[in-house]
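Just so you know, residue 1 is the first one in the sequence shown, and it goes up from there.
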Amino acid sequence: MTTFTAATYQNEYLPQGSDEVNAIVTVGATADGVGPVTTEAVEVIMCDTSGSMNEPSSKIRAARQATQVAIDQLRDGVLFAVISGDDHAQLAFPPAARGGATLAVSTRATREEAKHVAKQFRPGGGTAMGTWLALARDLFRTRPGAIRHAILLTDGRNQSESSAHLDAVLESCVGHFQCDARGVGGDWEVAELRRIATALLGSVDLIANPDDMAEDFRSMMEASMAKAVADATLRVWVPQGAEVLFVKQVAPAIEDLTARAVVTGPLTREYPLGAWGSESRDYHVCVRVRPGNVGDEMLAARASVVAAGDVAAQALVRAVWTDDEQLSTRMNAEVAHYTGQAELAAAIQDGLEARKAGDERTATLKLGRAVQLADAAGNDDTKRLLAKVVEVEDAATGTVRLKRQVETLDEMALDTRSTKTVRVQKKST
C-alpha cells in the first residue's frame, strides 16, 4: 500500500489590495513494501537502430548491452516489448501476432528471448521517432489502467519525418504513457528530446559516453519497477472569483503543468502527476484571488492528491490580508528558493540560445545570472556544468566571461540538466 502526504509552505500574509498567492506544496509517497506489487505494469524500450548508431560502432554495441540490462530489471509478470527504430518502427520483441502488435509477459524465459533479440540489433536507415512513439502508444493503449513507462534512446535528429508529424504523434500519446528520453553522443537535438520527455512526463538526459548507457538504463528501469501507483493527479480547487495562474513541478526537476489542466468542476482543475513510488516532489501553485481588506482571511486554494479516484492527501493554501509590513513583505524560503531555480533554468537555456546565435552580450548576461543563482541556491552540480561553458570570475555577483572553445557535449550536458533542481533545506520544527 502507498500512503501520500501533502504539506504547504507559504507566507499567507498579503498587503491590502494584493491578489496573488504563492505556495509550495510538497507531496510525499511511501510504499510500505508489504506483499507483492499488484498494480499491473507495462514497459516498452525504444532503441535507435538507425545507420548512425554504427558511427562509431560503440554506440550500437552499448545499445544492445543497455537494452539487455534493462530487460533484466523487469519483474515477473510485467508486460513488456522492445521496439527497434530507424525510419520505421519494428516490434523486435515479442514477434508480432497475426492480430497486430502485442506485449510479452516477463518471465525468466521471455527475458532471455528478448535479450537474444537485442543482441541481434543491426544498424541501418534513418530516424523517425514519431513512428516509434506511435507503435509504443498502440501497445500501451491495450492496458489503460497499468503503470505505463517507456525508454527512448536515440543518437540523432528526427530527420526522416516532419516536425509536424512528430508533434501530432506526441499529442496522441499524451496520457497514455510516460517516457524517459536519452540521447547518446553529440549529434542529437536537446530541444527535440526535451519536447518528447516534457509532453510525456518523463526526463531527458545526455549519455556522453556509450559505456555509461547500461547503468543509465538500469537506473531508469529500477526506478520504474519501484512505482506502485499509476496516474495520480493534483486536484486544485479555488473559490469563486479566483483563478489558478500556474501549477509547476519544481523538484526534483522543473515541469510546467499549467497547460495540462483538466477541468473537473466549476472550481476545480486536475494536473497529471504520473506514476509514483516512494518519493517526494514539490509543486509551485500560484493563484489570483479577489483582493481583501485588512483582517480578511480566506482559503485561496485546496490542493488534493488523487490516486485511484480517491483523495489521498490534501494541503491548504491560505490568504490573510494585513497592514503589518514585516509580515506581508517576508519572503517564504521555499517560494523564494524555487522561484530562483526556475529563473536559473530559463537563464541557462536563454544564454545557450544567445551563444549559438552569436549574441555574446546576452549570453554573458544570462549565463552570468545563472552562475549567480546556482551559487546562491547551493546548486553545485549546475555550477560545475556552467564552469565548462564560462570562466567564472565572481560567482556571487555573476561576473563571467564566455569561453571561446566549448566542447559540444559539455554544452549539451548543461542544457539537458538545466531543469534539475536542488531541494530547499526545510527548517526543523
Pair E40 + R143: basic N to acidic O under 4.0 Å:
yes
Student check: side-chain heavy atoms of R61 and P210 closer than 4.5 Å
no
For the pair E161 (side chain) and M129 (backbone), establish whether a donor and an acceptor sit closer than 3.5 Å, ignoring hydrogens and angles.
yes
With no hydrogens and no angle check, do the side chains of R182 and T154 hold a donor and an acceptor under 3.5 Å apart?
no
Contact check, side chains of D87 and Q159, non-hydrogen atoms, under 4.5 Å:
no
Can you find a side-chain donor-acceptor pair between T364 and R369 that sits under 3.5 Å?
no
Presence of salt bridge, D415 and R194, under 4.0 angstrom
yes
With the side chain counted from C-beta on, respond yes when D155 and S50 share a heavy-atom pair under 4.5 Å apart, and no when they do not.
yes
Taking it one step at a time, do K59 and D48 satisfy salt bridge (charged side-chain N to carboxylate O under 4.0 Å, His left out)?
CA-CA 10 Å; K59 290 188 289 186; D48 188 341; over 6 Å; no
Please determine whether the number of non-hydrogen atoms from other residues, nucleotides or ligands lying under 6.0 Å from atom NZ of K388 exceeds 12.
no
Criterion side chain to side chain contact (heavy atoms under 4.5 Å, CB included) on V317 and V21, from CA distance to verdict:
CA-CA 8 Å; V317 179; V21 184; 3.6 Å; yes
Cation-pi geometry met for R137 and W132 (6.0 Å, 45°):
no
First locate atom CG of L139, then atom CG of L91, and finally report the distance between them rounded to the nearest 0.5 Å.
6.0 Å
State, to 0.1 Å, how close I60 and P123 come at their nearest heavy-atom pair, and which atoms those are.
CG1-CD, 4.1 Å
Are the side chain of N379 and the backbone of T382 linked by a donor-acceptor contact shorter than 3.5 Å?
yes
Is a side-chain donor or acceptor of K403 paired with a backbone partner of A387 at a separation under 3.5 angstrom?
yes
If we ignore angles and hydrogens, is there a donor and acceptor under 3.5 Å between the side chains of Y338 and D282?
yes
Tell me if a side-chain donor or acceptor on S219 pairs with a main-chain N or O of E215 at a distance below 3.5 Å.
no
Give a yes or no answer on whether the side chain of K356 reaches the backbone of L352 with a donor-acceptor pair at less than 3.5 Å.
no
Is there a side-chain hydrogen bond (donor to acceptor under 3.5 Å, both in side chains) between S280 and R423? Walk through the geometry before answering.
CA-CA 10 Å; S280 176; R423 304 298 290 269; 3.1 Å; yes
If only side-chain N and O atoms count, and only distance matters, is there a donor-acceptor pair under 3.5 Å linking T127 with N158?
no
Quick one: do M412 and W188 satisfy side chain to side chain contact (heavy atoms under 4.5 Å, CB included)? Show the steps, please.
CA-CA 9 Å; M412 293 176 74; W188 53 282; 3.3 Å; yes
Is T268 reaching over with its side chain to a backbone N or O of G265, donor-acceptor style, under 3.5 angstrom?
yes
Verify the distance criterion only: is there a donor paired with an acceptor across the side chains of Q178 and D180 at less than 3.5 Å?
no
Checking the side chain of S278 only, and the main-chain atoms of A31 only, is there a donor and an acceptor separated by less than 3.5 Å?
yes
Heavy-atom distance under 4.5 Å between the side chains of D167 and R195, does that happen here?
yes
Main-chain N/O of V247 paired with T258 side-chain donor or acceptor, under 3.5 Å
yes
Regarding R157 and D187, does a basic nitrogen lie under 4.0 Å from an acidic carboxylate oxygen?
no
Regarding D205 and R417, does a basic nitrogen lie under 4.0 Å from an acidic carboxylate oxygen?
yes
Is the ring centre of Y283 less than 6.0 Å from the ring centre of Y271?
no
Is there a side-chain contact between L234 and V305, using heavy atoms and a 4.5 Å cut-off?
yes
Which distance, rounded to the nearest 0.5 Å, do you find between the CG of L409 and the CG of L414?
12.5 Å
Around atom NZ of K366, are there more than 12 heavy atoms from other residues, nucleotides or ligands closer than 6.0 Å?
no
Nearest 0.5 angstrom please: E353 CD to D350 CG, how far?
8.0 Å
In terms of side-chain geometry, is the basic nitrogen of E279 or K227 positioned less than 4.0 Å from the acidic oxygen of its partner?
yes
Exceeds 12 heavy-atom contacts within 6.0 angstrom, atom CD of E171
no
So, do L133 and M46 sit near enough that their side-chain heavy atoms are less than 4.5 Å apart?
yes
For E255 versus G202, what's the shortest heavy-atom pair and its separation?
OE2-O, 3.8 Å
Once rounded to the nearest 0.5 Å, what's the spacing between atom CD1 of I45 and atom CD of E43?
7.5 Å
Which atom pair, heavy atoms only, marks the closest approach of V287 to A300?
CG1-O, 3.8 Å
Is there a donor-acceptor contact under 3.5 Å from the side chain of R288 to the main chain of E20?
no
Hey, would you say the F177 and H149 ring centroids sit under 6.0 Å apart?
no
Please determine if D72 and R218 form a salt bridge, counting it only when a charged side-chain N lies under 4.0 Å from a carboxylate O.
no
Can a donor-acceptor pair be found between the side chains of S304 and Q314 at a distance below 3.5 Å?
yes
Any chance the side chains of D76 and S106 put a donor and an acceptor closer than 3.5 Å?
no
Contact between V392 and L386 at the side-chain level, heavy atoms closer than 4.5 Å - yes or no?
no
Heavy-atom pair of closest approach, residues G156 and E192
O-OE1, 4.3 Å
If the threshold is 4.0 Å, N to carboxylate O, is there a salt bridge linking R355 and E360?
no
Verify side chain to side chain contact (heavy atoms under 4.5 Å, CB included) between I151 and F217, making sure each step is shown before the conclusion.
CA-CA 8 Å; I151 294 172; F217 272 46; 3.8 Å; yes
Under the side-chain hydrogen bond (donor to acceptor under 3.5 Å, both in side chains) criterion, do T49 and S84 qualify, and how do the steps go?
CA-CA 6 Å; T49 54; S84 169; 2.8 Å; yes
Are side-chain heavy atoms of V244 and F246 found at a separation under 4.5 Å?
no
Looking only at side chains, do E270 and T233 share a donor and an acceptor under 3.5 Å apart?
yes
Would you kindly say whether T107 and R111 are connected by a side-chain donor-acceptor distance under 3.5 Å?
no
Let's go through K115 and E112 carefully: what are the C-alpha distance in whole Å and the side-chain angles of both, what is the deciding distance for side chain to side chain contact (heavy atoms under 4.5 Å, CB included) to 0.1 Å, and is it a yes or a no?
CA-CA 5 Å; K115 286 161 59 180; E112 289 303 316; 3.2 Å; yes
Once rounded to the nearest 0.5 Å, what's the spacing between atom NE2 of H116 and atom CD of Q68?
10.0 Å
Hey, could you give me the OG1/CG distance between T131 and L166, rounded to the nearest 0.5 Å?
10.0 Å
Is T399 reaching over with its side chain to a backbone N or O of E393, donor-acceptor style, under 3.5 angstrom?
no
Tell me whether E243 at atom CD has more than 12 heavy atoms from other residues, nucleotides or ligands lying less than 6.0 Å away.
yes
